[in-house]
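Notes to accompany the following structure.
Chain letters run A, B, ... following the sequence lines, proteins first, then strands; residues in each count from 1. Nothing here was measured: the structure is a model prediction, and the numbers come from that model.
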2 protein chains.
Amino acid sequence: MKMALLSSSSGIAVATIKYYLREGLLPAGERHGPNQALYGPEHLRRLRVIRGLLDVGGLSIAAAHRVIDAIDSDLGLAHTFEIAQRTVSAEIEPDSVSPASVTRVDELLSGWHVSPDNPGRLAAARVLTTFDDLGQPDLSGWVPGYAAAALAVAEADLDEIDARDDRESKTEMVVIGTVLGDALFAALRRAAQEHVSVQRYSPPSP
Amino acid sequence: MKMALLSSSSGIAVATIKYYLREGLLPAGERHGPNQALYGPEHLRRLRVIRGLLDVGGLSIAAAHRVIDAIDSDLGLAHTFEIAQRTVSAEIEPDSVSPASVTRVDELLSGWHVSPDNPGRLAAARVLTTFDDLGQPDLSGWVPGYAAAALAVAEADLDEIDARDDRESKTEMVVIGTVLGDALFAALRRAAQEHVSVQRYSPPSP
DNA sequence: GTTATCGGATAGTGCAACTGTCTATACCCG
DNA sequence: CGGGTATAGACAGTTGCACTATCCGATAAC
C-alpha cells in the first residue's frame, strides 16, 4: 500500500507518518525508485502500536522508540521486561527520596525478591517521601493494600505472558502489557472508587 | 518568611515561584508595601503539594490548579472525588473507543455501581480497544484480575479516607490519594513483577 | 501529456513550563 | 545614612516536544 492509503487507514496524517519514519519509530517501506515506496500491513500494525503507546500509555516519542526496539530485538524476556519497566518509570533523582522512605518500602516488600535498582522500588519510595513532606499521618493502613493488589496484578501479568505460546507474542505482551497495564489499572481504580463509595455512603435501596 | 527563604527552603527557583503565583497555583503572600510580601509555612506546604502533583503525579499546571482548587473549596467529598478523578483522567474522544470494548468493560463491572460517565469506564474501554486493534488474543484471563485488584485498592482508599477525622484531611486525602495512588500502584507493580518473575523462573535455592 | 502524488529535506508552528531581564521601590548592614 | 542587595510585578525569551507545512524533483495515474 502507498503512503496515502497507510495514512487514511491508520487515521494518521501523512506528515506525521513521515515524522515517525524520520525518527525511526516506523521502519521504511519497500523502495521502488527514488520517490516510491510501498508499505505493508506490518506498517499499519506498527502505527497502531505507536499510537497506543503514545495516546494510551502516555509515552514520549523517545520512550516509545525504546520499547519498540525492545520488542524488535530478541533479548531474553527478563531483559525486555527490564527495558519496558525502566522506560515507563520516570527517572528519579536520588535526593528527592528520603532514606527513611526507602527503608519503609523495603520493609513493605520484605519477602519479595526485588533487586535494589528495581525502578519501582525508588519510585514507590518517592511517593512515600512526598506524603511525608506533606505531613501525612501514618499510612500503614493504606499502603500494604496496594502492595497486595500489586502482587495480584503481577501474577495476572505473568500468567498472561505464560499463556502466550510463541516468543514473539510473549515479548509483545511484556512490553504492551507493562505500558498499558498501568493505564488499565488506573481506569479500573476510578470505577471501583465510585462503586465502593456508593456502596458505603449511599447504598441502593435493598 | 521572604521570597528568598521560601525559595531556598522549598528548593524551587524564585522565578518559578513567581510563575506559580502568576498562574494562581500559589496564593499571594501577605503584602507590606509595593514590593514586599511575606510568606508563611502554608506557602511552603503548598509548594510541596504542587511539586508532588507535578513531579510524582505527572499533572500539568492546569490540572494541578484544578485539584488544588478542589482541595481549597469545600464541596462535598463525592464532588471533590469526581473533580480529582476527572483531572487525572485524560480526555478521551468517544470515537477512539469501540462500542464492543465498552460492553466488555460493563460486563466486567457488572455488579458494580458505576455511572455511565465515570471517567474510568471509558478509559478502561480505550485500553481494551487498543488491545483489540493490535489483534491481541482473548484477555479474559488477564483483565478480571485487574478489576479485582482495583476493587481491593479502592477499598483501601476509602478506608484511609474514613480514617481521617476532620473534613479537611479527608478532602486532601481524596485528592492527593487519587493522584499519587496511581503512581504508588504503578511503582509497586514493577517491584511485584520482578518478584513474581524471579519466583517463577529462577527461584532462589530452596 | 497533464495532473496528482510520492519520498525526502528543511523550516515553521503551537504549546507547556519555565527562565531571564527590567524597573521602581524597599530592606539591611556597616 | 548610603550603597549593595532583595523584592514585586510585568513581560519577553528559552527550551523541548510533537507535530505540521512547504518545497523540490521524480514518478504514477488517467
Side-chain angles (χ1 to χ4, degrees), chain A residues 1-40 43-44 46-47 49-68 87-88 90-91 93 96, chain B residues 1-40 43-44 46-47 49-68 87-88 90-91 93 96:
Chain A
M1 101 186 72
K2 298 201 293 187
M3 176 59 85
L5 187 53
L6 183 62
S7 169
S8 64
S9 53
S10 67
I12 299 173
V14 171
T16 304
I17 296 177
K18 286 185 177 184
Y19 168 63
Y20 293 160
L21 286 166
R22 275 201 304 285
E23 294 293 310
L25 268 178
L26 188 67
E30 191 187 346
R31 297 301 310 276
H32 285 100
N35 68 338
Q36 292 305 119
L38 289 181
Y39 306 91
H43 289 91
L44 191 51
R46 169 63 61 91
L47 280 176
V49 172
I50 292 171
R51 295 313 316 186
L53 294 176
L54 298 189
D55 295 344
V56 183
L59 296 195
S60 67
I61 296 281
H65 201 176
R66 282 197 295 277
V67 302
I68 284 176
T87 299
V88 297
E91 199 59 44
E93 317 105 276
S96 67
Chain B
M1 101 185 73
K2 297 201 292 186
M3 177 58 85
L5 187 54
L6 183 63
S7 169
S8 64
S9 52
S10 67
I12 300 172
V14 171
T16 304
I17 295 177
K18 285 184 176 184
Y19 168 63
Y20 293 159
L21 286 167
R22 274 201 304 285
E23 295 293 310
L25 269 179
L26 188 66
E30 191 188 346
R31 299 300 311 274
H32 284 99
N35 68 337
Q36 291 305 118
L38 289 181
Y39 307 91
H43 289 91
L44 190 52
R46 169 63 60 92
L47 281 177
V49 172
I50 293 171
R51 295 313 315 187
L53 294 176
L54 298 189
D55 295 345
V56 183
L59 297 195
S60 67
I61 295 280
H65 201 176
R66 282 198 295 277
V67 301
I68 284 177
T87 300
V88 298
E91 198 60 44
E93 317 105 276
S96 67

Next on the checklist: Please determine whether any donor N or O and acceptor N or O are separated by less than 3.5 Å between the side chain of B/Arg22 and the base of C/dT19.
Outcome noted: yes
Checklist entry - C/dA17 C1' sits how many Å from B/Leu54 CG, rounded? => result 9 Å
Checklist outcome for this item: Heavy atoms of B/Pro27 and B/Arg46 approach each other most closely as CD-NH1, 3.8 Å
Checklist entry - So, is B/Tyr19 close to the C/dA16 phosphate, meaning a side-chain N or O under 4.0 Å from OP1 or OP2? => result no
Item to check | Nearest-neighbour nucleotide for the A/Lys18 side chain, D/dA6, D/dA8, C/dG8 considered | outcome: C/dG8
Next on the checklist: Taking the minimum atom-to-atom distance to the side chain of A/Arg31, which one of C/dT5, D/dA8, C/dG7 wins?
Outcome noted: C/dG7
Next on the checklist: At 4.0 Å (heavy atoms only), tell me whether A/Ala15 reaches a base, stays on the sugar-phosphate, or touches nothing.
Outcome noted: base
Checklist outcome for this item: Residue pair B/Ala13/B/Lys2 against DNA chain C: nearer the 5' end by closest nucleotide is B/Ala13
Checklist entry - Just checking A/Leu21: base, sugar-phosphate only, or nothing, at a heavy-atom cut-off of under 4.0 Å? => result nothing
Checklist outcome for this item: Nearest heavy-atom contact between B/Arg31 and B/Ala37 is CD-CB, 3.9 Å
Item to check | Separation of atom CG in A/Leu38 from atom P in C/dT5, rounded to whole Å | outcome: 17 Å
Checklist entry - Counting just side-chain N and O atoms, does B/Tyr39 come under 4.0 Å of either OP1 or OP2 of D/dA8? => result yes
Checklist entry - Without hydrogens or angle criteria, can the side chains of A/Tyr20 and A/Arg51 be said to hold a donor-acceptor pair below 3.5 Å? => result yes
Checklist entry - Do A/Ile12 and A/Ile50 touch side chain to side chain, with heavy atoms closer than 4.5 Å? => result no
Checklist entry - Donor-acceptor pair under 3.5 Å: do we get one between B/Asn35's side chain and the base of D/dA8? => result no
Next on the checklist: Tell me the interatomic distance from B/Leu6, atom CG, to D/dA8, atom P, rounded to whole angstroms.
Outcome noted: 9 Å
Checklist entry - For A/Leu5 and D/dA29, what is the distance between atoms CG and P respectively, to the nearest whole Å? => result 13 Å
Checklist entry - Of B/Leu5, B/Leu21, B/Ile17, which meets side-chain contact (heavy atoms from CB on, under 4.5 Å) against B/Tyr39? => result B/Leu21
Item to check | Nearest atoms (heavy-atom pairs only) where A/Met1 meets A/Ser9 | outcome: SD-OG, 4.1 Å
Checklist entry - Once you round it to whole Å, what is the distance between P of C/dT23 and CD of B/Gln36? => result 20 Å
Item to check | A/Tyr20 side-chain N/O to D/dC19 phosphate OP1/OP2 under 4.0 Å | outcome: yes
Item to check | OP1 or OP2 of D/dA18 under 4.0 Å from side-chain N/O of A/Thr16 | outcome: no
Checklist entry - Just to confirm, is there a sub-4.0 Å distance from OP1 or OP2 of C/dA17 to any side-chain nitrogen or oxygen of B/Arg51? => result no
Item to check | Rounded interatomic separation in angstrom, taking NE2 from B/His43 and C1' from D/dT7 | outcome: 15 Å
Checklist entry - Separation of A/Met3 atom CE from C/dA9 atom C1', in whole Å? => result 14 Å
Next on the checklist: With nearest nucleotide decided by heavy atoms, which residue, B/Ala62 or B/Gly33, maps closer to the 5′ end of DNA chain C?
Outcome noted: B/Ala62
Checklist entry - Between atom CD in A/Glu23 and atom C1' in C/dA9, what is the gap in whole Å? => result 14 Å
